[in-house]
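Atoms within each ligand, like the ligands themselves, are counted from 1 in listed order. The figures that follow rest on heavy atoms only: side chains count, while hydrogens, waters and symmetry mates do not.
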Amino acid sequence: MSDKIKLALSAELLPDDMKKIKEKYDVKILPWTGSDYLPTKEDIISECIDNEVVLIYTDPMPKECIDVLSKNGLKLLGCARATPNNIDWKAAKDNNIPIIHAPGRNAHTVAEYTVGMLLAICKRIGFSYHGLMDGRFLADEKDIYDVPERKDVIWRFKDRENPRSSYPWSIDVYDRTIGLVGLGAIGQNVALICKGMGMNVIAYDPYQSDEIFSKLDVKKAEDYREMLPECDFVSVHLNVTEDTRSMINDEWFDLMRIDAYFINTARAAVVDQKALIEALENKKIAFAAIDVMWDEPAPKNHPLLKMDNVLITPHMGGISSDVKKWASQMVTDELMRYANKEKNIRLWTRLE
Ligand SMILES: NC(=O)c1ccc[n+]([C@@H]2O[C@H](COP(=O)([O-])OP(=O)(O)OC[C@H]3O[C@@H](n4cnc5c(N)ncnc54)[C@H](O)[C@@H]3O)[C@@H](O)[C@H]2O)c1
Ligand SMILES: O=C(O)[C@H](O)[C@H](O)COP(=O)(O)O
């Protein structure tokens, strides 16, 4: 009889990782792996029973299954996602089944995307592209949001064809200040990239250690009220909790500068929808770039989809072809630690 640990698997792993795992585990690939089939509770129980470890991706792991599997050999659950919301965490806790996961598996992916959005709006990339497709070489006035009250700070492009008219043109991020709301896995990666571009980075995250702030050379804002007026850009990287739900409200937009750009690649739930719409309609802030909406997909008549000073994408920030690779490496590391009976296994702690 094999002394390998029995593992039932529906997460897709890299061949090299699989090879490593097979040295320690007797692997059973679940029949629905890589397909769109949503397994029933009966499927899950009958296929996973008698396995010590079950590692899934997005398929469900409800209480009924955990209750039965934990009485039939299950000792560890795993999920190749950052936030395994598909596992009934309470049932796992009640049955003393720890959960391994892939924390921050796409943190740098979302960070790259955030900075991509920042650069897209600063350099007017989308607006200029659409202008060009509409037959204009230089963007028309209506394509670009103007801040009449801040002619002093908004650089304007001289149109050689018509020297008396001028257009607000792109701005540089170099030497400008970004305020990060939340300095967790994604916020830290955004800070790193922004520092590399010569930006000043401030962050508001009362729960983050001083060590992380100093390691990244990020200025710590004790109070968001002090940080917001200083920022050219404000980028949100909060996780959703009871405290952060609708946290970015009227007060925040009132404190931001009228030439400030607001970016949200976190979750729409952390922003008060009405407050953001009003802030953009009433030009309390200059621009918004958002990857996440309150209802997804957003209804076609949503006011934000009709505004010139908004760049919206359909929750794309965390999806890149490389993400599965990072997740595979992370969960493989955890499985090897488990097999080697190491103590430093990173377990999922549900924060929401
Ligand atoms: N757009 C996408 O496709 C995409 C992809 C992945 C993650 N996300 C979202 O990005 C967000 C950030 O993810 P993460 O992995 O960096 O999370 P994280 O948990 O690592 O970081 C969140 C940070 O917010 C801080 N925070 C919590 N409450 C706060 C408060 N009241 N005030 C200030 N700071 C507070 C925490 O201390 C933590 O450092 C999450 O909402 C996540 O769902 C979006
Ligand atoms: O917005 C998000 O959080 C993204 O959809 C993200 O990619 C989900 O991450 P997961 O928990 O699936 O790793």
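- Classification of K274 and E278 as a salt-bridged pair holds, one side-chain N sitting under 4.0 Å from a carboxylate O.
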One pair to check against salt bridge (charged side-chain N to carboxylate O under 4.0 Å, His left out): R346 and E334. What are the steps and the verdict? CA-CA 7 Å; R346 285 175 305 180; E334 300 309 337; 2.8 Å; yes
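- Counting heavy atoms under 4.0 Å from ligand 2, residue T58 does not touch it at all.
- For atom 6 (C) of ligand 2, the closest heavy atom belonging to the protein is N106 ND2, 3.6 Å.
- The number of heavy-atom neighbours closer than 6.0 Å to NZ of K123, taken from other residues, nucleotides and ligands shown, is above 12.
- Using modelled atom types, no side-chain atom of H237 and backbone atom of L183 make a donor-acceptor pair closer than 3.5 Å.
- Between G104 and ligand 1 there is no heavy-atom distance shorter than 4.0 Å.
- With hydrogens and angles left out, the side-chain atoms of W32 and D59 include a donor and acceptor closer than 3.5 Å.
- Across all non-hydrogen atoms, the minimal contact from A191 to L216 is CB-CD1, 4.5 Å.
- The ligand atoms of ligand 1 that sit less than 4.0 angstrom from a heavy atom of G318 are 2 (C), 3 (O), 5 (C).
- Every N/O-N/O distance between G187 and ligand 1 stays at or above 3.5 Å.
- Contacts of Y204 with ligand 1, taken as heavy-atom pairs under 4.0 Å, involve both backbone and side chain.
- Between the side chain of S320 and the backbone N or O of D322, at least one donor-acceptor pair lies under 3.5 Å.
- With atom 38 (C) of ligand 1 as the reference point, the heavy atom nearest to it among D205, V190, N189, I186 is part of D205.
- In V110, the part holding a heavy atom less than 4.0 Å from any atom of ligand 1 is the side chain.
- In this structure a side-chain-to-backbone donor-acceptor pair under 3.5 Å is missing from W326 to R105.
- In summary, the atoms of ligand 1 found under 4.0 Å from a heavy atom of D291, numbered by their order in the structure, are 1 (N), 2 (C), 3 (O).
- A heavy-atom separation below 4.0 Å is found between M247 and ligand 1.
- For the pair K220 and F213, the cation-pi test (distance below 6.0 Å, angle within 45°) is passed.
- Judged purely by atom type and a 3.5 angstrom limit, D26 has no side-chain atom pairing as donor or acceptor with the backbone of L7.
- Near T244, the atoms of ligand 1 lying under 4.0 angstrom from a non-hydrogen atom of the residue are 28 (N), 29 (C), 30 (C), 31 (N).
- Closest protein heavy atom to atom 11 (O) of ligand 2: T83 N, 2.9 Å.
- Among all protein heavy atoms, the one lying closest to atom 4 (C) of ligand 2 is H315 NE2, 3.8 Å.
- Residues I290 and L276 form a side-chain contact, since some pair of their non-hydrogen atoms from C-beta on lies under 4.5 Å apart.
- Under 4.0 Å from ligand 1, the heavy atoms of L183 that appear belong solely to its backbone.
- Any N or O atom pair closer than 3.5 Å counts here, and A82 shares at least one such pair with ligand 2.
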For the pair D94 and K90, evaluate salt bridge (charged side-chain N to carboxylate O under 4.0 Å, His left out) and give the outcome as yes or no after the intermediate values. CA-CA 6 Å; D94 291 347; K90 196 166 177 308; 3.4 Å; yes
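- Without hydrogens or angle criteria, K24 side chain to I5 main chain gives no donor-acceptor distance under 3.5 Å.
- Of all atoms in ligand 1, listed by their number and element, those nearer than 4.0 Å to a heavy atom of H315 are 1 (N), 2 (C), 3 (O).
- In terms of protein heavy-atom proximity, atom 12 (O) of ligand 2 is nearest to R81 NE, 2.7 Å.
- Of all the listed residues (A82, G184, P103), G184 holds the heavy atom that lies closest to atom 21 (O) of ligand 1.
- Ligand 1 has no nitrogen or oxygen under 3.5 angstrom from a nitrogen or oxygen of P206.
- The closest protein non-hydrogen atom to atom 3 (O) of ligand 2 is R267 NH2, 2.9 Å.
- The nearest non-hydrogen atom to atom 42 (C) of ligand 1, considering only A266, P314, G182, comes from A266.
- With ligand atoms numbered from 1 in the order given, ligand 1 contributes 41 (O), 43 (O), 44 (C) to contacts under 4.0 Å with heavy atoms of R267.
- The shortest N or O to N or O distance between L238 and ligand 1 is under 3.5 Å.
- Taking only nitrogen or oxygen atoms, main chain and side chain alike, T265 reaches within less than 3.5 Å of ligand 1.
- At a cut-off of 3.5 Å, with distance as the only test, no side-chain donor of D291 or T265 sits close to an acceptor on the other residue.
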